[in-house]
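Working notes, structure below.
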Amino acid sequence: MDLFSADTVRPPFIAREQSPEWNALPFAERVIAWQRSHGRAGLPWQLTRDPYRVWLSEIMLQQTQVTTVLGYYERFLQRFPTVAALAAAPSEDVLALWSGLGYYARARNLHRCAQAVVDEHGGEFPRSAEGLAELPGIGRSTAAAIAAFCFGERVAILDGNVKRVLTRALAYESDIASSASEKALWAVATDLLPDAPAGEPLHAAMATYTQGLMDLGATVCTIRRPACDACPAHATCQGRASGAPERFPVKTRKLKRGKRASVLLWLQHKERVWLVRRADSGVWAQLWSLPEFDTAVALERAVAPWPGTLEWMAPFKHVLTHFDWMLQPLKLQWHGAVSDALQREIDRLVAVNAGAVDEPGEADVHGDVEEPDDEASVAPTVGEGRWFARADLDGVGIPSPIRKLLDAAL
DNA sequence: ATCCTGAATA
DNA sequence: TATTCAGGAT
């Protein structure tokens, strides 16, 4: 069953067929009416007002689609049923359950936030958007969403979906990246908030309106080919009137990505692979991955004295926001025993990664030619490495492309 | 400016 | 198949 497309479970909403009186309703009331009949309902995090669950869903839904989050949300709650359980957990376990979701700073902030709620707020989330926004990982929009859903606070959200809906409704021509636009759109979002309907608590209106704006952006006012006929704001939408609603929001700055190339050491002994924990900052911070080198030469120098043969595996590209990353795995495999001396060498590689060992020392030990620019040749890690059997990989955080690589060949 | 991934498009 | 794009908080 497709929970995300309202039209699969409900008759299509055709704005044209609505009465003139209905179209004359204020924006918020139109959104609310649409949400009640055509918004997404029944998603796991919509069945509760528990701030812990709503907060978790909002963090997971940042930069991540509903279908992806569904695969993580329940599993996470099973392992951490309460904010106290999450606060008490090792950060390693939190990252393991976040593994594959991406933007791992969210998981680190999530954990810090849980600890702040327990340590500084007696285990209860603040009941206002203002209070929520002071917690790690909760910005203005996420704070407002939680406050609207859980406490019915009359406060505006402004995420990517909402920006799209609003800029189209207004045919807003300025680049939304500017701080002036940001400010203006927050003001618009706040202006459009519903008033308490007669004989109805504001709480319900705020929750429905907030969800409605999100769902409208996700299912009707889509990036490409918006379904204007199905939109409750159809009649007054300036973007639609302009004939090219998909032109909004206006973004003049084009993103340009840099390039980076790295070499990964796949160190395999029998059925196990050697992984290191990455540094506390930078890409894939604190996740487990294959040791990373700037060049094949640097990698070959590091493993030169070791047994086994180096095998070049298929290179692959991984795209991040700010650069295209070409990754070349080199597999070093052997089946003999790991002597204490060799294991010390392997541990030492990690220590070098962490910057704990002087580079000249390494050159001496390996009897290698001195090379300039050696310091940047190995990506930093936090100095921890372990052998992993296939079954061990489930228990730790591993970046998606690395997990995929390991799954395919380990 | 820096984080990651999956979906959409070419 | 390869490339482009979207998406909040810090």
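Numbers restart at 1 for each chain; the letters A, B, ... are given by sequence-line order, proteins then strands.
- Distance, Phe323(A) CZ to dT3(C) P: 17 Å, rounded to whole Å.
- Nearest nucleotide to the side chain of Ser400(A), out of dG7(C), dA9(C), dG6(B): dG6(B).
- Rounded to an integer number of Å, the gap from Glu182(A) CD to dG8(C) P is 11 Å.
- Between Ile138(A) atom CD1 and dG8(C) atom C1' the separation is 12 Å, expressed in whole Å.
- Under the 6.0 Å distance and 45° angle rule, Arg260(A) counts as a cation-pi partner of Phe323(A).
- Across all strands, Arg112(A) comes closer than 4.0 Å to no nucleic acid atom at all (heavy-atom distances).
- Checked against a 6.0 Å centroid threshold, the rings of Trp284(A) and His318(A) count as neighbours.
- We find that CD1 of Ile223(A) is positioned 12 Å from C1' of dG6(B), with the value rounded to whole Å.
- One atom, CE of Met60(A), and another, P of dG8(C), lie 16 Å apart when rounded to the nearest Å.
- A salt bridge does not link Lys331(A) with Glu311(A): none of the charged nitrogens is closer than 4.0 Å to a carboxylate oxygen.
- Distances shown here put every side-chain N or O of Thr67(A) at or beyond 4.0 Å from the OP1 or OP2 atom of dG6(B).
- Distance, Leu320(A) CG to dC5(C) P: 16 Å, rounded to whole Å.
- Between the side chain of Tyr103(A) and the base of dG8(C), no donor-acceptor pair under 3.5 Å is found.
- Distance, Ile157(A) CD1 to dG7(C) P: 13 Å, rounded to whole Å.
- Checking dA8(B), dC3(B), dG6(B) against every side-chain atom of Arg224(A), the shortest atom distance belongs to dA8(B).
- Of the side-chain N and O atoms in Asn109(A), none sit less than 4.0 angstrom from OP1 or OP2 of dA9(C).
- The base of dG8(C) sits with one of its N or O atoms less than 3.5 Å from a complementary donor or acceptor on the side chain of Gln63(A).
- Checking the phosphate oxygens (OP1, OP2) of dT10(C), no side-chain nitrogen or oxygen of Arg106(A) falls inside 4.0 Å.
- A sub-4.0 Å separation between OP1 or OP2 of dA9(C) and a side-chain N or O of Arg140(A) is absent.
- Nearest to the side-chain atoms of Lys317(A) among the listed nucleotides dG7(C), dC4(B), dT3(C) stands dT3(C).
- The side chain of Gln62(A) contributes an N or O atom lying less than 4.0 Å from OP1 or OP2 of dA9(C).
- Contact between the side-chain N/O atoms of His322(A) and the OP1/OP2 oxygens of dT2(B) is not found at any separation under 4.0 Å.
- Between Asp392(A) and Arg272(A) no salt bridge is recorded (no basic side-chain N to carboxylate O distance below 4.0 Å).
- Between the CH2 atom of Trp325(A) and the C1' atom of dA2(C) there is a distance of 20 Å, rounded to whole Å.
- In the set dG7(C), dC4(B), dG6(B), the nucleotide with an atom closest to the side chain of His318(A) is dC4(B).
- Aromatic ring centres of Phe388(A) and Trp288(A): separated by under 6.0 Å.
- Residues Glu58(A) and Arg53(A) are not paired through a salt bridge, judged by the lack of any N-O separation under 4.0 Å between the basic side chain and the carboxylate.
- Among the heavy atoms of the strands, none lies under 4.0 Å from Ser281(A).
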